[in-house]
Novice: 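I'd like to ask you about the structure that follows.
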Amino acid sequence: MAYYTKNQINHVKQMDLLSYLKNYEPDELIKKSDSTYITKTHDSLVISNGLWNWFSRGIGGKSALDYLIKVRDYSFKEAMNIILNHEKIETPTYYKYAIKEEQNDLKKLNLTLPTKANDNEKAINYLLKRGIDKDIIDECIDNETIFQDKNNNVVFVGMDKNNTARYGFIRGTLNNNFKGECYGSHKAFSFKLDSINKNDTLHLFESAIDLLSYATLLKLENKEWYNENLLSLAGVYRPARNIEESTIPLALKYYLNQHQNISKIILHLDNDITGREASFALKTILSSRYKVIDDPPRIGKDVNDFLCKKLKINYKERYEKER
């Protein structure tokens, strides 16, 4: 029986499926889009974003080693030999994924945030009416991820790893229907709250308001909201008509690329048709690599709706009275 060193095994595991097939079995690949492939043998086996998923069988992975064992039915020893023997004959070229290209593109965008107001009174009052906890609001203001602009709108800011503002979303405090992104925003850097202490779980939301609402719910339960990773998608995620062809939302893809320690993702998307379809799609395309839990609000359309019902707040009624 052949034995392999730890270094050999780790080396082989670095070979992703796309790179393996492009180098050694190019005829097996069928290109569906710029970043998505299927295989000639199994048209329900999709390769995208560095991962592969065999949807008809409900299995998936990242490495070529996993593919040879799970799909081709080779033993571990046989799969190791196949890859190592290929490499002896021809040194492989590794293929970068879309996220690398997107990171380069991000440098070309220049965010323009609106002028700040002299205070944040109206922004704070608006968020309080939505049920958001004052301490959480103050924390975000101190970190410059929330501020009030000169037109009395509340602005939610997304930062990059260097704490540089790269995304801005504007929400009206006087006109409840006004919303929009700041010029030069990139959804890869959507509004988020990072845990003070590193952990392996990410909570996902459609909007900044829902994210802040969930943090408030944790605080109401005397839980440490500041020790959770909370990420908003900067809007509604709409999967492809064929679920297996759906791509990961840019904000989530970038976050996972930057936080390799994440192993569990909890979805808190809306309770409407769009939100349920999005949750199903994300579970489908992420479950091969992450533990994915669907946890929509127990009552109401979204997390903020649930919070307001829990606090017996009707912010829409308050808004109408103050117009």
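These figures come from a predicted structure and were not determined experimentally. The first residue in the sequence is number 1, and the count goes up from there.
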Novice: If only atom types and distance count, is the side chain of Q148 paired as donor or acceptor with the main-chain N or O of A123 below 3.5 Å?
Specialist: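 Yes, because the side chain of Q148 sits within donor-acceptor range (under 3.5 Å) of the backbone of A123.
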
Novice: Would you find more than 12 non-hydrogen atoms of other residues, nucleotides or ligands less than 6.0 Å from K310 atom NZ?
Specialist: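 Atom NZ in K310 is not packed in, count stays at 12 or less.
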
Novice: Tell me yes or no: between the side chains of N261 and D200, is some donor less than 3.5 Å from an acceptor?
Specialist: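 Short answer, no.
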
Novice: Checking side chain to side chain contact (heavy atoms under 4.5 Å, CB included) for the pair V46/W54: CA distance, chi angles, key distance, verdict?
Specialist: CA-CA 6 Å; V46 179; W54 195 5; over 6 Å; no

Novice: Closest approach of D133 and T216, non-hydrogen atoms and distance?
Specialist: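 Smallest interatomic distance, heavy atoms only, reads N-OG1, 3.1 Å.
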
Novice: Could you tell me whether K223 atom NZ has more than 12 heavy atoms of other residues or ligands within 6.0 Å of it?
Specialist: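 It does not: K223 NZ has 12 such atoms or fewer within range.
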
Novice: Has N143 got a side-chain atom pairing as donor or acceptor with T145's backbone, closer than 3.5 angstrom?
Specialist: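 No: the side chain of N143 does not pair with the backbone of T145.
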
Novice: In chain order, what residues pass the salt bridge (Lys or Arg N to Asp or Glu O under 4.0 Å) check against K187, with sequence neighbours excluded?
Specialist: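 Scan of K187 (salt bridge (Lys or Arg N to Asp or Glu O under 4.0 Å), adjacent residues dropped) gives E181.
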
Novice: Evaluate side chain to side chain donor-acceptor pair (under 3.5 Å) for Y290 paired with K283, printing each intermediate quantity in order.
Specialist: CA-CA 9 Å; Y290 304 93; K283 284 194 71 174; over 6 Å; no

Novice: Indicate yes or no for a side-chain donor-acceptor contact from N271 to the backbone of G300 under 3.5 Å, with no hydrogens or angles considered.
Specialist: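 Yes, the answer is positive, given that a donor and an acceptor are paired below the 3.5 Å cut-off.
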
Novice: So which atom in L211 and which in S232 form the shortest heavy-atom distance, rounded to 0.1 Å?
Specialist: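 For L211 and S232, the tightest heavy-atom pair comes out as CD1-N, 3.6 Å.
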
Novice: What are the two closest heavy atoms between R72 and L68, and how far apart are they?
Specialist: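 Where R72 meets L68 most closely, the heavy atoms are CB-O, 3.2 Å.
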
Novice: Counting only heavy atoms from other residues, nucleotides and ligands, does the tally under 6.0 Å from OH of Y183 exceed 12?
Specialist: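 Incorrect, the count does not exceed 12.
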
Novice: For D210 and E206, work out which heavy atoms get closest and say how close.
Specialist: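 What the structure gives for the nearest pair is OD2-CB, 4.4 Å.
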
Novice: I'd like to know if D294 and R276 make a salt bridge, using a cut-off of under 4.0 Å between side-chain N and carboxylate O.
Specialist: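 Answer for the salt bridge query: yes.
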
Novice: Look at D149 together with K116 and state whether they make a salt bridge at an N to O cut-off of under 4.0 Å.
Specialist: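 No, no charged N to carboxylate O under 4.0 Å.
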
Novice: Please check: side-chain N/O of H203 versus main-chain N/O of L230, any donor-acceptor pairing under 3.5 Å?
Specialist: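 No, the answer is negative, given that no donor and acceptor are paired below the 3.5 Å cut-off.
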
Novice: Got a salt bridge between D16 and K62, using NZ or NE/NH1/NH2 to carboxylate O under 4.0 Å?
Specialist: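 Looking at K62 together with D16, the answer is no, because their closest N to O distance does not fall below 4.0 Å.
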
Novice: Main chain of N152, side chain of T173: is a donor-acceptor contact present, judged purely on distance under 3.5 Å?
Specialist: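 Here the side-chain-to-backbone pair exists.
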
Novice: May I ask you to test the L65-M80 pair for a side-chain heavy-atom distance under 4.5 Å?
Specialist: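 Side-chain contact under 4.5 Å: yes.
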
Novice: Ignoring hydrogens and angles, tell me if any N or O in the side chain of D43 forms a donor-acceptor pair with the backbone of I38 under 3.5 Å.
Specialist: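 No; judged by distance alone, with no hydrogens or angles, the pair does not exist.
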
Novice: Let me check something: any side-chain donor-acceptor pairs from residues 83-91 under 3.5 Å, sequence neighbours excluded? List them with distances.
Specialist:
residue: N85; atom: ND2; partner: N81; partner atom: O; Å: 3.0
residue: E87; atom: OE1; partner: H11; partner atom: NE2; Å: 2.9
residue: E87; atom: OE2; partner: H11; partner atom: NE2; Å: 3.3

Novice: Just wondering, do L250 and Y255 contact through their side chains at under 4.5 Å, heavy atoms?
Specialist: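 Of all side-chain heavy-atom pairs linking L250 with Y255, none is under 4.5 Å.
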
Novice: Within the structure provided, determine whether I262 and N229 are in side-chain contact (heavy-atom separation under 4.5 Å).
Specialist: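 Result yes, sub-4.5 Å side-chain heavy-atom pair found.
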
Novice: Would you call L217 and F306 a side-chain contact if the rule is heavy atoms closer than 4.5 Å?
Specialist: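 Yes, close enough: below the 4.5 Å cut-off.
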
Novice: Can L212 be reached from L128 by stepping across I, L, V, M, F, W or Y side chains whose heavy atoms are under 4.5 Å apart?
Specialist: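 Yes: a chain of side-chain contacts under 4.5 Å links L128 to L212.
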
Novice: Indicate, with yes or no, if the rings of Y167 and F189 have centres closer together than 6.0 Å.
Specialist: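 Not under 6.0 Å, so no.
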
Novice: Is it the case that over 12 heavy atoms from other parts of the model lie below 6.0 angstrom from the CD1 atom of I196?
Specialist: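 Enclosed.
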
Novice: Checking side-chain polar atoms at under 3.5 Å, does N304 have a donor or acceptor matched by the opposite partner on S213?
Specialist: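 Judged by distance alone, the side chains do pair up.
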
Novice: Restricting to side chain to side chain contact (heavy atoms under 4.5 Å, CB included), what partner residues turn up for N23, sequence neighbours left out?
Specialist: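 Partners of N23 by the side chain to side chain contact (heavy atoms under 4.5 Å, CB included) criterion, ordered by chain and then number, come out as S19, P92, T93, Y95.
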
Novice: Identify the heavy atoms of R171 and F156 that sit nearest to each other, and give their distance.
Specialist: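 Closest approach of R171 to F156: CB-CE1, 4.1 Å.
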
Novice: So does I124 get a backbone contact from the side chain of N120, meaning a donor-acceptor N/O pair under 3.5 Å?
Specialist: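 No, N120 side chain to I124 backbone: no donor-acceptor pair under 3.5 Å.
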
Novice: Please lay out, stage by stage, how T201 and E228 fare under the test side chain to side chain donor-acceptor pair (under 3.5 Å).
Specialist: CA-CA 7 Å; T201 301; E228 299 290 348; 5.9 Å; no

Novice: Taking the six-membered ring for Trp and the full ring for Phe, Tyr or His, determine whether the centres of F169 and F191 are under 6.0 Å apart.
Specialist: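 No; F191 has its ring centre 6.0 Å or more from that of F169.
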
